[in-house]
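Report on the following structure.
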Amino acid sequence: MTDLDSFITGLPKAELHLHIEGSLEPELMFELAKRNGIDIPYASVEDVRAAYAFSNLQDFLDIYYAGANVLRTRQDFHDLAAAYFDRIAADGVVHAEIMFDPQTHTDRGIPFADVIEGLLSGMAEAEAKHGITSKLILSFLRHLSEEAAFDTLAMAEPWLDQIEAVGLDSSEVGHPPVKFAQVFEAAHAKGLKITAHAGEEGPPEYVYQALDLLHVDRIDHGNRSLEDPDLVARLAAMGMTLTVCPLSNLKLCVVDDLADHPVDRMLALGLKATVNSDDPAYFGGYIGDNFRAVAKARGLDREAIVTLARNSFTGSFLPPKAIAEHLEKLDAYVEAQG
Ligand code: ADE
Ligand code: ZN
């Protein structure tokens, strides 16, 4: 490990863009398949990893939804979340805002209660064991209908006080934010915060729609905003957080090479970028790996890395007092590192 690598590892940070189903490692996939008596189309863990070669978002989503089929019981969802938090404890993560895709499970007959209660118990365990705080983001699948999203929001009603925000994920192109304007309005009226994947594969127009029609508090990815200078100026002026995912962008061919990744260009343009893992089990790394890989590929200095970590706190859904406390600890770490 270089000095910069160990600086990154110890740097306090928050993860704001993580699909918990995307943290399902092949080893746990096999364990759950066995526990639940499910056949999976892979002979070994190596076989699973070999299948993780994607040329676009849809390629990945097909395998990701198939992988989620081993998740059946409350205990499975608990174990999935616990494994994620155990892993990120070693990456300096002190807070995480994690997305889950209820429709991926309820459409297979898994009760919403089992999904969310399992995740919540994994989150509570992580706070007790590692001191990592966390929040839940309920993501609607955009390849399904707005009516189905409304049904999901209704299912979530008994747990609304334990859900921080709603999000929008899955196949982007052909499923613009406008398709979900009403369900996001309903979610906002219930006091939920709003995020949406926009500008990962979709055009800048989808980012405008996320702003103007969904009234997002954060944009997930946002890469293609860079094609539109007016949009960049607007995002910068409003201090909109972009939850950027370097290794995901590489694996899904949003960028051809990490050496071309735009994260430092975003910072130079005044955009509030953060670094996140998206689906770490599928894209070859957790948040620390994402920081280290993009820092190396782009030659980021400490200042840029500290800005990215600061942005993860100021862009979080934590209350101002908690944000201020995290920033104090971050500053103390940076000072102690010299
Ligand atoms: N679901 C999980 N990961 C995703 C991504 N990167 N984009 C859209 N939907 C997703
Ligand atoms: Zn994502």
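Whatever order the structure lists them in is the order used to number ligands and atoms, beginning at 1.
Scanning all protein heavy atoms for the shortest distance to atom 6 (N) of ligand 1 gives D278 OD2, 2.7 Å. At the shortest separation from atom 4 (C) of ligand 1 among protein heavy atoms lies H19 NE2, 3.6 Å.
Where the criterion is an N or O separation shorter than 3.5 Å, residue side chain and backbone included, S170 meets it with respect to ligand 1. By the 3.5 Å distance cut-off applied to N or O atoms, D279 is counted among the residues near ligand 1. An N or O contact shorter than 3.5 Å links E200 to ligand 1 by distance.
Environment of NZ in K251: sparse, with no more than 12 heavy atoms of neighbouring residues, nucleotides or ligands closer than 6.0 Å.
In summary, the aromatic rings of Y65 and H143 are positioned with their centroids under 6.0 Å apart.
With respect to D289 and R87, a salt bridge is recorded, a charged nitrogen being found less than 4.0 Å from a carboxylate O. Between D228 and R234, none of the side-chain N atoms (NZ, or NE/NH1/NH2) sits under 4.0 Å from a carboxylate O, so this pair counts as no salt bridge.
Every atom of ligand 1 with a heavy atom of F60 under 4.0 Å away is listed here by number and element: 2 (C), 3 (N). With ligand atoms numbered from 1 in the order given, ligand 1 contributes 6 (N) to contacts under 4.0 Å with heavy atoms of H221. Using a 4.0 Å cut-off to heavy atoms of Y64, the atoms of ligand 1 that qualify are 1 (N), 2 (C).
With sequence neighbours excluded, no residue forms a ring pair (Phe, Tyr, Trp, His ring centres under 6.0 Å) with Y42. A search for side-chain contact (heavy atoms from CB on, under 4.5 Å) contacts involving E157 returns L160, K190, not counting sequence neighbours.
Of the options L231, L269, I219, L271, a side chain to side chain contact (heavy atoms under 4.5 Å, CB included) to S225 is made by L231 and by none of the others.
Under 4.0 Å from ligand 1, not a single heavy atom of D101 appears. When non-hydrogen atoms are compared, ligand 1 lies under 4.0 Å from neither the backbone nor the side chain of D220.
Within the hydrophobic cluster formed by Ile, Leu, Val, Met, Phe, Trp and Tyr side chains joined at under 4.5 Å, directly or through other members, L213 is accompanied by V178.
The set of protein atoms (N, O or S) found at less than 2.8 Å from the Zn ion (ligand 2) reads H17 NE2, H19 NE2, H197 NE2, D278 OD1, by chain and number.
Side chain of H130 to backbone of I132: no donor-acceptor contact under 3.5 angstrom is found.
Side chain to side chain, Q58 and S171 meet the donor-acceptor criterion of an N or O pair below 3.5 Å.
Under the 4.5 Å side-chain heavy-atom criterion for grouping Ile, Leu, Val, Met, Phe, Trp and Tyr, F180 is not connected to Y206 through any hydrophobic cluster.
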